Amino acid sequence: MLVPLKNKKKIDLIFDKGEIIKKGPILLKFYDFNDTENGYAVSVPKKHFKSAVSRNKIKRQLREIINKQAAIKKGISFFIIYNSPETTKFAELKRLIESLFEKLVDKTS
């Protein structure tokens, strides 16, 4: 089960020692903690979207796609960063995230 990542130490460890997968405007940083739960966090930089409404919409869309994924190995926590000044359609986001998760499963298997 995927749970939102709240632990600052885990987030720092993901950024310090984690691996990176990039696909289009989306960057996925992950780290294998070898524990029982999968954590995730989503970020949309204010630099690209000044309006909170736009940032929150993209975050909601990303969370919706992430919560429907179940093929990730236990203990993997990841951080998704949306790095584009343009909005992307939901179908395109879904395709990108699914291909990122396929790469993640391949790397962690």
Side-chain angles (χ1 to χ4, degrees):
M1 164 124 181
L2 287 168
V3 295
L5 195 57
K6 306 274 185 185
N7 189 336
K8 178 146 174 47
K9 288 182 182 178
K10 281 190 174 185
I11 293 171
D12 288 340
L13 195 57
I14 289 171
F15 278 95
D16 290 342
K17 296 184 178 177
E19 296 181 49
I20 298 172
I21 303 173
K22 186 166 178 15
K23 182 86 171 182
I26 300 173
L27 179 99
L28 185 136
K29 288 186 151 237
F30 68 95
Y31 187 76
D32 189 357
F33 287 102
N34 293 319
D35 57 6
T36 58
E37 67 181 22
N38 295 343
Y40 74 93
V42 175
S43 174
V44 179
K46 196 174 191 178
K47 175 175 134 183
H48 296 306
F49 294 96
K50 302 292 184 207
S51 167
V53 174
S54 301
R55 286 194 310 273
N56 291 339
K57 180 181 179 185
I58 294 170
K59 288 180 189 178
R60 280 194 312 272
Q61 289 176 339
L62 290 171
R63 285 190 205 111
E64 177 69 26
I65 297 165
I66 291 167
N67 284 329
K68 297 204 172 165
Q69 302 296 322
I72 300 168
K73 185 182 116 184
K74 291 284 184 200
I76 302 288
S77 292
F78 57 91
F79 204 97
I80 291 185
I81 303 168
Y82 185 86
N83 276 329
S84 175
E86 294 94 28
T87 58
T88 306
K89 294 188 188 251
F90 183 79
E92 179 68 14
L93 274 178
K94 186 172 183 177
R95 188 186 62 75
L96 289 169
I97 295 289
E98 287 172 352
S99 69
L100 278 174
F101 281 139
E102 286 173 12
K103 286 184 181 181
L104 177 64
V105 168
D106 289 343
K107 278 194 168 193
T108 57
S109 296

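Since this is a predicted model, take the numbers as computed values, not measurements. Position 1 is the first residue of the sequence; numbering continues from there.
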Under a 4.0 Å N-O cut-off, is there an ion pair linking [X] with [Y]?
X   : Y   : answer
R95 : E92 : yes
D35 : K74 : no
K68 : E64 : yes

Output yes when a side-chain donor or acceptor of [X] lies under 3.5 Å from a complementary backbone atom of [Y], and no otherwise.
X   : Y   : result
S84 : P25 : no
N34 : G75 : no
R55 : P45 : no

Min side-chain heavy-atom separation [X]-[Y] under 4.5 Å:
X    : Y   : result
L93  : I65 : yes
V3   : N38 : no
V105 : K73 : no
S54  : T87 : no
I26  : T88 : no
L13  : K9  : no
V42  : I81 : no

May I have the step-by-step check of side-chain contact (heavy atoms from CB on, under 4.5 Å) for D32 and T108, ending in yes or no? CA-CA 8 Å; D32 189 357; T108 57; 5.7 Å; no
F78 and ring pair (Phe, Tyr, Trp, His ring centres under 6.0 Å): which partner among F15, F101, F30? F101
In short, ring-ring contact (aromatic ring centres under 6.0 Å, His included) pairs touching residues 47-71 with sequence neighbours left out are none
Assess K10 against Y31: is NZ or CZ under 6.0 Å from the centre of the six-membered ring, and within 45 degrees of the ring's axis? no
Just how far is it from atom [atom1] of [X] to atom [atom2] of [Y], taken to the nearest 0.5 Å?
X    : Y    : atom1 : atom2 : result
L104 : I97  : CG    : CD1   : 11.0 Å
Q69  : E102 : CD    : CD    : 9.0 Å
I76  : K107 : CD1   : NZ    : 11.5 Å
L5   : I80  : CG    : CD1   : 11.5 Å
K46  : S51  : NZ    : OG    : 10.5 Å
E19  : L28  : CD    : CG    : 10.5 Å

Determine whether [X] and [Y] fall in the same hydrophobic cluster, where Ile, Leu, Val, Met, Phe, Trp and Tyr are linked whenever their side-chain heavy atoms lie under 4.5 Å apart.
X   : Y   : value
I58 : F90 : yes
F33 : F79 : yes
I21 : I11 : no

Who are the side chain to side chain contact (heavy atoms under 4.5 Å, CB included) partners of K22, not counting sequence neighbours? L27
Can you confirm whether K94 is buried at NZ, in the sense that more than 12 heavy atoms of other residues, nucleotides or ligands lie under 6.0 Å from that atom? no
Does Y40 have any ring pair (Phe, Tyr, Trp, His ring centres under 6.0 Å) partners at least two apart in sequence or in another chain, and if so, which? none
